[in-house]
Asks: 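Please see the structure below; I have some questions.
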There are 2 protein chains.
Amino acid sequence: MNRNLERAQDNFIEGIGHLSSTLGFSKVMGQLYALLYLSDKPLSLDDMVKRLVISKGSASINIRELEEKGAVKRIWMKGSRRNFYEAETDLAKIIRDRIALSTRWRMDEIRDIIQKSEELIQNVKGDSNNSEERRRIKFYSQRLKEMKRLHKRAHNLLGKLLLFTKTIKF
Amino acid sequence: MNRNLERAQDNFIEGIGHLSSTLGFSKVMGQLYALLYLSDKPLSLDDMVKRLVISKGSASINIRELEEKGAVKRIWMKGSRRNFYEAETDLAKIIRDRIALSTRWRMDEIRDIIQKSEELIQNVKGDSNNSEERRRIKFYSQRLKEMKRLHKRAHNLLGKLLLFTKTIKF
DNA sequence: TAATATGTTTAGAATATTGTAAACACTCTA
DNA sequence: TAGAGTGTTTACAATATTCTAAACATATTA
């Protein structure tokens, strides 16, 4: 392959790999995606292993995760027993789905923390002995209430934003 | 301190600590913030060290990061030599600023990757020997163009969204 | 100035993550 | 059915992160 073209691609692949790692994914995942994104035809696992000089195990695990996230598609090539892969190029969709999913379970996690805390604070309210403690308990309840309010509003806002981004063509 | 109140707080602190770690911050950072968020008065480093049973070094480093991110404020308490801290309770603002900042440099990173790749591909265009390679080079350029377009639109959209969230009261 | 109070830095331990190499399992075909 | 081709799993190695403990630096007070 043209040495300069390869170098140009490497720059892109490395960059996306780095970006991937700062987003909480592995570097290899980003590199695999970038390679497929630049490739004019589907690539097999061994193609990618050779091109990126990584182990097969790592390629196997990372490509599967990309597939689960909907970032790559498995392609059947007539006459070959290999699995081939292609990048899902609707990047906007991938990102949107990812954000929707990750914010959703984060919001749920927060909701659960608040809920559990509310239960626990209810149990305390009875046994307040002195005024100092009553103040603390009251303060805690107050903060929980604030956070609950913020959570609800953020939840609504996120829903609206996601709807909004779906109507937009990137 | 009331044992049950303490247990209730611990639940909250642990939850926020975990959330913090999934967001790319350290667990201790989240725990410190949560503790301050629930406290009805500013706390010193030693207060927090005792309450969370962590090392002073870790507390020192993590509280400083929280301060840099604008999530806690340092408070001067007349008559004490200690530094006291208080949670910044405008959570919406903290989150917004954080998102604005982190997306900004991610967008810049992507822009730089694309730009560098464009330069590199320019150098290749001259020495295309056969049609197979010309096709690949063309394909690569095409993809870069697509990504550039997406980047530009995402950039605009993000700007608008941030503006929008600033006008909203949480 | 000695002793104390306080926060910061650092060296290293503990832990988590992620990649590699090789064994493994499965499928196809000769 | 033996053997080759292909992807997956696993045990381990390399690396990065983050905490702790202790040394250190600085400021304050007696």
Side-chain angles (χ1 to χ4, degrees), chain A residues 10 13-14 16-36 41-69 71-86 102, chain B residues 10 13-14 16-36 41-69 71-86 102:
Chain A
D10 282 354
I13 290 167
E14 189 196 322
I16 300 300
H18 179 259
L19 184 70
S20 170
S21 71
T22 74
L23 287 167
F25 308 113
S26 81
K27 192 180 63 177
V28 170
M29 213 184 295
Q31 291 179 329
L32 285 169
Y33 182 80
L35 175 58
L36 290 173
K41 56 180 192 301
L43 300 180
S44 72
L45 210 61
D46 281 334
D47 290 339
M48 296 186 267
V49 162
K50 249 184 271 168
R51 179 69 172 77
L52 299 177
V53 194
I54 55 173
S55 71
K56 231 169 125 182
S58 178
S60 172
I61 285 167
N62 282 292
I63 204 75
R64 208 186 318 153
E65 259 198 80
L66 280 171
E67 212 185 342
E68 277 162 16
K69 293 189 184 350
V72 306
K73 283 179 296 197
R74 201 184 305 197
I75 302 288
W76 176 63
M77 299 284 268
K78 218 191 290 189
S80 173
R81 286 160 55 190
R82 285 184 157 90
N83 289 334
F84 285 81
Y85 295 89
E86 216 176 59
S102 72
Chain B
D10 282 353
I13 290 167
E14 188 196 322
I16 300 299
H18 179 258
L19 184 70
S20 169
S21 71
T22 74
L23 287 167
F25 308 112
S26 82
K27 193 180 62 176
V28 170
M29 215 183 295
Q31 292 179 330
L32 286 169
Y33 182 80
L35 175 58
L36 290 173
K41 56 180 191 302
L43 300 179
S44 73
L45 210 61
D46 281 333
D47 290 339
M48 298 185 265
V49 162
K50 251 185 267 166
R51 179 67 173 79
L52 299 177
V53 194
I54 56 175
S55 71
K56 232 170 126 184
S58 179
S60 171
I61 285 167
N62 282 292
I63 204 75
R64 207 185 318 153
E65 259 197 81
L66 280 171
E67 212 185 342
E68 277 163 17
K69 292 188 185 351
V72 305
K73 281 180 299 199
R74 202 185 306 196
I75 303 288
W76 175 62
M77 299 283 268
K78 220 190 291 190
S80 173
R81 287 160 54 188
R82 286 185 157 87
N83 290 335
F84 286 82
Y85 295 89
E86 215 177 57
S102 73

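Every chain is numbered from 1 and lettered A, B, ... according to where its sequence line falls, protein lines coming before strand lines.
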Asks: B:Ile75 and side chain to side chain contact (heavy atoms under 4.5 Å, CB included): which single residue from B:Arg82, B:Lys41, B:Glu86 fits?
Replies: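 Only one of B:Arg82, B:Lys41, B:Glu86 forms a side chain to side chain contact (heavy atoms under 4.5 Å, CB included) with B:Ile75, namely B:Glu86.
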Asks: Roughly, in whole Å, what's the span from CD in A:Glu67 to C1' in D:dG7?
Replies: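 Between C1' of D:dG7 and CD of A:Glu67: 12 Å.
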Asks: Using every non-hydrogen atom in the two residues, find where A:Val49 and A:Ser55 come nearest and quote the distance to one decimal.
Replies: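 Smallest interatomic distance, heavy atoms only, reads CG2-O, 4.1 Å.
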Asks: Between A:Ser26 and B:Arg81, who's closer to the 5' end of DNA chain C by nearest nucleotide?
Replies: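 The 5'-side residue here is B:Arg81.
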Asks: When you check the phosphate oxygens OP1 and OP2 of C:dT6, does a side-chain N or O of B:Arg82 lie under 4.0 Å from one of them?
Replies: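 Checking C:dT6 against B:Arg82, a side-chain N or O does come within under 4.0 Å of OP1 or OP2.
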Asks: May I have the distance from A:Met48 (atom CE) to D:dT6 (atom P), rounded to whole angstrom?
Replies: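 The distance from CE of A:Met48 to P of D:dT6 comes to 13 Å, rounded to the nearest Å.
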Asks: Among C:dG19, D:dT20, D:dG7, which nucleotide sits nearest the side chain of A:Val28?
Replies: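 Among the listed nucleotides, the one closest to the side chain of A:Val28 is C:dG19.
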Asks: Restricting to non-hydrogen atoms, name the atom on B:Ile54 and the atom on B:Ala59 that form the minimum distance, rounded to 0.1 Å.
Replies: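 The pair with the smallest heavy-atom distance is CD1-CB, 3.9 Å.
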Asks: Could you give the CG-to-P distance, from A:Asn62 to D:dT8, as a whole number of Å?
Replies: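 For the pair A:Asn62 CG and D:dT8 P, the rounded distance is 12 Å.
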Asks: Distance check needed: C:dT8 P versus B:Ile63 CD1, whole Å only.
Replies: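 B:Ile63 atom CD1 is separated from C:dT8 atom P by 10 Å.
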Asks: What integer distance in Å separates A:Trp76:CH2 from D:dG7:C1'?
Replies: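 After rounding, the reported distance stands at 19 Å.
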Asks: How about A:Leu43 and A:Arg51: do any of their side-chain heavy atoms sit closer than 4.5 Å?
Replies: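 They are not in side-chain contact.
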Asks: Polar pairs (N or O, both sides) under 3.5 Å between protein and nucleotides 9-12 of chain C?
Replies:
residue : atom : partner : partner atom : Å
C:dT9   : OP2  : B:Arg64 : NH1          : 3.2
C:dT9   : OP2  : B:Arg64 : NH2          : 3.1

Asks: How close or far is atom P of C:dG7 from atom CD1 of B:Ile54, stated in whole angstroms?
Replies: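 Those two atoms, CD1 and P, are 13 Å apart.
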Asks: Between C:dT8 atom C1' and B:Glu65 atom CD, what is the distance in whole Å?
Replies: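 That distance rounds to 15 Å.
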Asks: Looking at A:Pro42 and A:Met77, what are the two nearest heavy atoms and their distance?
Replies: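 Shortest heavy-atom contact: CG-SD, 4.3 Å.
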Asks: Over how many whole Å does the gap from B:Lys50 atom NZ to D:dT20 atom C1' extend?
Replies: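 After rounding, the reported distance stands at 18 Å.
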Asks: Between B:Ile63 and B:Leu32, what is the shortest heavy-atom contact and its length?
Replies: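 Residues B:Ile63 and B:Leu32, closest heavy atoms: N-CD1, 3.8 Å.
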Asks: Report yes if the side chains of A:Met48 and A:Leu36 come closer than 4.5 Å at any heavy-atom pair, otherwise no.
Replies: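 Touching, per the 4.5 Å side-chain cut-off.
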